[in-house]
Amino acid sequence: MNPYEPNSIEAKWQAYWEEHKTFKVKRDFSKEKFYLLEMFPYPSGRIHMGHVRNYTIGDSLARFKRMKGLNVIHPLGWDAFGMPAENAAIKNNTHPAQWTFENIRTMRNQIKALGLSYDWDREVATCHPGYYKWNQWLFLKFLEKGLAYRKNSTINWCAECNTVLANEQVVDGCCWRCDNEVLQKQQEGWFFKITDYADRLLAGCKTLSGKWPEKVLTMQVNWVGKSFGAEVDFKIQQTDEVIKVFTTRPDTLYGAMFMVLAPEHPLTQKLSRGTEQEKAIDTFIQKVKKQDNIARTSEKEGLFTGAYAVNPLTGESIPVWTANFVLMGYGTGAIMSVPAHDQRDLDFARKYKLPIRVVIQPATGSVDANTMVKALTSEGAMVHSGTFDGLVGQDARRKVCEFLEKKGIGKATINYRLRDWGVSRQRYWGTPIPVIHCSNCGIVPVPEDQLPIELPLDAQLGEKGQSPLHNLESFYKTSCPKCSADARRDTDTLDTFVCSSWYFDRFTSPRLEHAPFSKENNDYWMPVDQYIGGIEHAILHLLYSRFVNLVLNDLGLTKVSEPFAHLLTQGMVIKDGAKMSKSKGNVVDPDEIIKKYGADTARVFMLFAAPPVKDLEWSDQGVEGCSRFLKRVWRIFGDLNEEIKNVKLPGESYSNTVPEIKALRRMTHITIRRVTNDIETRMQFNTAIAAIMELVNHLFSFKEWWKNKNNQDEAARMALREALETMILTLSPFAPHITEEMGSKIGFSKTLDQKTWPQYNDALTQTDELLIVLQVNGKVRQKISVESDISDEDLKTRSLEDAKIQEWTRGKDIKKVIVIPKKLVNIVVQ
RNA sequence: GCGGAUGUGGCGGAACUGGCAGACGCGCUGGAUUUAGGAUCCAGUGGGCAACCGUGGGGGUUCGACUCCCUCCAUCCGCACCA
């Protein structure tokens, strides 16, 4: 046979698949479905190895499931709105649309060169009006349901990106995209009420346990940050003001010795007015505002506001302070300080010489306010707490809350860390927000029949990336749909995470014009059965998608409560110990690998080098090894294919007692079992490929035997055919081109997507003889071969009779003999 | 600081329910073939001369531990004044 030439084979089959639309989904709702999805890419320019790994894992599963007879939907699209397009457009003096569509074209070709089995007829790009129209429609639905609202608030601002960031998009105080420091700024914008769904998002995490990585679920649970506690009102002396605080420890209320407000809290400044602290407070607030996140969190700094509050339970007058460690964004932005039972409060009290009172005593021992260095934060009995003395933990907290409620000065409450999702972006390349600002009517939604509000493509981007929409009269000038007066369109665009929060739904009806997707299609295809992507979206995309899905569920548009039934987060591709990146100069270009070795080699390497969840260390030699393996496959196939022309597979009544033939069949069926199990239940492709390698190695030794014997009979040829077909079929999800080529040479009348995944026969995986390990005191001393149906008693006798074992046991007391059927005998002597 | 994960040959990794540690691949060594190199094929390859020792260290449970328990160490990741 010809030498293995991956490039021509791959081009041939890719053209065939494209021409015959091999992977186009058949609309057959009677069949069991399987929705396989990889996180769609941002069209940044060229694909990288991370993409290759992600899509190869997904494609291998898709191809496997197809052969298993499932109706597989496997689509791909483009997360095509977003800032890099704007930056690139400014830099290259082009338009974001042009840049984006060119990138899509390039990347689509690169992806096609990997031989991925996508249904390209379902391709969507979020920057297409046919897609973002439904973003706008969804926005209007959110608005109708009261889930989208406007507010003026402190927002995260990235000066580099010239835009607002959602809390989820701030990483270590820096922008998730450009890594610049994030500033706080007051601004009005649109928010989605994700907080309304906090409990349902948490409940969902429970149902996903075991199906999603626990790590991702933990991160989401922590992000939502539900905590039980109480809201307590503290009166300010000599005014009508009340400071509301949230505490998880109402049982420590008697130990609240002072209060601390966030510097941004409106009362901080207000309370200082007219006191001698007035000036100092103003200076302090300015100072903290200028502090970056690191400075603000490195050391606690505070200042007395000049005002006093009243502890509602003790009636004592306590000073009100402000300090950098109290955050406006959590709880009420104000705390009651209980230095004896909170480490931060204790640190602060020690630094500023504020009083400390112990109001909880542990079950054993006692703590002393004067000497304690660690706050007592664990549970204990209330002391110095009037009638509450002696109460402990949960019970104590409940009783205090009941008392507060009766007095009308507090109540039990639940607090979340989760904030509403800010979705307004002061950017151009995004979905225009479909509302109109009218001076008479206020905010008026754009009527549905006027959607989409198209993004004007003739806009010129500002030099520093400011959105041209704000100044583009032809865009913003409009009339109010209600009163027809002159009005102004909203000139902000939606966060691109809105686009990616429902694209999996759109894939079920990619070209539908009168709705985002059809209920019928959605009911059949959703949820995504297996979702695959990087861990970096553990919070952002995955939380937003779950939220939007719940809203769609409430709207009756989808029946699923969770969009992604199973999630696999694949590891990074590493080279020289670091993630591949341009700045590190350790990038390997997928195109070059494909050109040099072919896509099948690239795919096999990606799967073989590490299990999907682990990081994968790039290795040029490893790639060589995989290339060598495929060459071996090609060669052994070429050598043996001639022997099995027009030979059938072994049937029910098949019989052949030649040991080499029996061994070959055993190897074949063991391989099927291993590969099937590794893909289906373990998602461990590296061991699946290792199993196929062993089959190939076996075939090479088998070939020597075969060639030395002339006139092999028909039965032997059948067994050989079975082995070769198994090699082709089990390898096909991983290396689809070479296997398709071999399939056509061996005489398959169908392409592999229509072939049935091979079944193993358990009886054929058994041997007549078993190799039993004999141990003396747990050490391996002998291995014996016995007939597979031997009884435990006989096995025991045979073991003790063994000459080598007798050497080890001679003159010793046999205490015990442990027989593990079919495996091992351990003789315990003394 | 809190939470989670991981630690196995020279390297990537196997070992699924406690039962032969190191499958498979890379690398390396020797041989065959070749004018040579490459490619290919065959054999070997945890350490130690051996008894034996070996899955980050120490301890425990067990006839038997990479696997279970305790403890310590290292690396990585996530959260980080969340009241």
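Chain identifiers are assigned alphabetically (A, B, ...) following the order of the sequence lines, protein sequences preceding nucleic acid strands; residue numbering begins at 1 within each chain.
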Counter-base of G7(B), judged by Watson-Crick or G-U geometry with both distances under 3.5 Å: C73(B)
Polar side chain donor-acceptor pair, Q684(A) to D678(A), under 3.5 angstrom: no
Considering only side-chain heavy atoms of A690(A), which listed nucleotide, C24(B), A83(B), C53(B), is closest? C24(B)
Nearest-nucleotide wise, let me know which of R632(A) and Q684(A) is further upstream toward the 5' end of RNA chain B. Q684(A)
If we call it a pair only when both distances are under 3.5 Å in a Watson-Crick or G-U wobble match, what pairs with C16(B)? none
Could you check F246(A) against K631(A) and say which one's nearest nucleotide on RNA chain B is further toward the 5' end? K631(A)
Once you round to the nearest 0.5 Å, how far does CD of E264(A) lie from CE of M328(A)? 7.5 Å
Which listed nucleotide (G25(B), C63(B), A83(B)) is nearest to the side chain of I818(A)? C63(B)
Is it the case that the ring center of F685(A) lies less than 6.0 angstrom away from the ring center of F608(A)? no
Y330(A) and S227(A): side chain donor to acceptor below 3.5 Å: yes
Syn/anti state of G9(B) by chi, 90° boundary around 0: syn
With the side chain of N686(A) defined as its heavy atoms from C-beta on, choose the nearest nucleotide among C63(B), G13(B), C41(B). G13(B)
Any N or O donor-acceptor pair under 3.5 Å from the base of C63(B) to the side chain of K816(A)? no
